[in-house]
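What follows is a short report on a single structure.
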Amino acid sequence: MDKLSDEELIAQFRARGSQAGDPHLNLLFQRNYQKVSLWCLRFTGNKESAADLAQEVFLNVHKHLESFRGDAKFSTWLFTVTRNHCRNRWRSTQAAPEQSMEPALELVMADTSPDAHAQLESSQLTNLMRQFMQESLEPTEQRVMTLHYVDEMPLDAITRLLGLTNSSGAKAHVVSARRKLNAAVARWKEGTPNANP
């Protein structure tokens, strides 16, 4: 049984009737527990909280294992479940991301109206924002902004995840990126080419 892949263990577990305590499921969880715990630790920075989160993740995995379709590797699916659980837990205990965008960036990024024209416009603005990010930001700034504003990850978790060693961590990259993006938006509004500041 040890030689079976994660995906084969899941297939065996399902073939046997998906019973709790199944040795295939136990082995699947044993194999992946340390990986999930490390992911949770990167997010929380606290071993006890990470252990609690990892237990919760595996409860969710057990409850929703039927939703694993096998389109991707189990580890990819497991990472997504873990990330979403950590984000949801953080959202339930924290306010929205620490810093709101400047009005110029909000204009470009936030339009949630339901009609088709507004959705098309929102999609175009999102693509424009991506273009601004690619043209104006360094790779680390792009990653920090995506993790903080799209994935809603707290800045201290981003600092740990990316291994940032500067004194302000991810916050310094957010400040720098916001300044550059606001300049790009201002240039765009004036109709001048988007160049790095």
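Counting only heavy atoms from C-beta outward, the side chains of Trp39 and Val57 never approach each other to under 4.5 Å. Using a 4.5 Å heavy-atom cutoff, the side chains of Leu25 and Leu9 are not in contact. Residues Thr159 and Thr165 fail the side-chain proximity criterion, which asks for heavy atoms closer than 4.5 Å.
With sequence neighbours left out, the salt bridge (Lys or Arg N to Asp or Glu O under 4.0 Å) criterion links Glu56 to Arg89. Every residue was checked against the side-chain hydrogen bond (donor to acceptor under 3.5 Å, both in side chains) condition with Thr146, not counting sequence neighbours, and none meets it. Annotation: side-chain hydrogen bond (donor to acceptor under 3.5 Å, both in side chains) contacts of Asn46 (sequence neighbours excluded): Ser49. Under the rule for a side-chain contact (heavy atoms from CB on, under 4.5 Å), the partners of Tyr33 that lie at least two apart in sequence or sit in another chain are Ser37, Ala51, Ala54, Gln55, Phe58. For the salt bridge (Lys or Arg N to Asp or Glu O under 4.0 Å) test, residues two or more places apart in sequence or in another chain that qualify with Arg16 are Asp22. Among residues two or more places apart in sequence or in another chain, the side-chain hydrogen bond (donor to acceptor under 3.5 Å, both in side chains) test is passed with Arg14 by none. Annotation: salt bridge (Lys or Arg N to Asp or Glu O under 4.0 Å) contacts of Asp156 (sequence neighbours excluded): Arg160. With sequence neighbours left out, Thr76 forms a side-chain contact (heavy atoms from CB on, under 4.5 Å) with Ala72, Lys73. In this structure Ser67 satisfies the side-chain contact (heavy atoms from CB on, under 4.5 Å) test together with His64, Trp77, sequence neighbours excluded. In terms of the side-chain hydrogen bond (donor to acceptor under 3.5 Å, both in side chains) criterion, Asp52 has no residue partners (sequence neighbours excluded). With sequence neighbours excluded, the residues that form a salt bridge (Lys or Arg N to Asp or Glu O under 4.0 Å) with Glu138 are Lys180. Residues that satisfy the side-chain contact (heavy atoms from CB on, under 4.5 Å) test with Leu162, not counting sequence neighbours, are Arg143, Val144, Leu147, Ile158, Leu164.
From His85, atom NE2 reaches atom SG of Cys40 across 7.5 Å, with rounding to the nearest 0.5 Å. Expressed to the nearest 0.5 Å, how far CG of Leu27 lies from CG of Leu4 amounts to 8.0 Å. With rounding to the nearest 0.5 Å, the separation of OG1 in Thr82 from NZ in Lys35 is 9.5 Å. Interatomic distance, His62 NE2 to Leu59 CG, rounded to the nearest 0.5 Å: 9.0 Å. To the nearest 0.5 Å, atom OG1 of residue Thr140 and atom CG of residue Asn166 are 9.5 Å apart.
Within 6.0 Å of CD in Glu48 there are 12 or fewer heavy atoms belonging to other residues, nucleotides or ligands.
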Give the C-alpha distance, both sets of side-chain angles, the deciding distance and a yes or no for side chain to side chain contact (heavy atoms under 4.5 Å, CB included) between Phe68 and Leu78. CA-CA 9 Å; Phe68 174 69; Leu78 181 61; over 6 Å; no
Derivation of the side chain to side chain contact (heavy atoms under 4.5 Å, CB included) call for Met153 and His148: CA-CA 5 Å; Met153 188 179 281; His148 189 53; 5.7 Å; no
Run the numbers on Val36 and Val61 for side chain to side chain contact (heavy atoms under 4.5 Å, CB included), then give the verdict. CA-CA 11 Å; Val36 169; Val61 167; over 6 Å; no
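Using modelled atom types and a 3.5 Å distance limit, the side chains of Glu8 and Gln12 yield no donor-acceptor pair.
The hydrophobic clustering, which links ILVMFWY residues whose side-chain heavy atoms are closer than 4.5 Å, places Phe29 and Phe13 together. When the side chains of ILVMFWY residues are joined at heavy-atom separations under 4.5 Å, either directly or via intervening members, Leu53 and Leu41 end up in two distinct hydrophobic clusters.
Not one N or O on the side chain of Ser176 forms a donor-acceptor pair closer than 3.5 Å with the backbone of Ala172.
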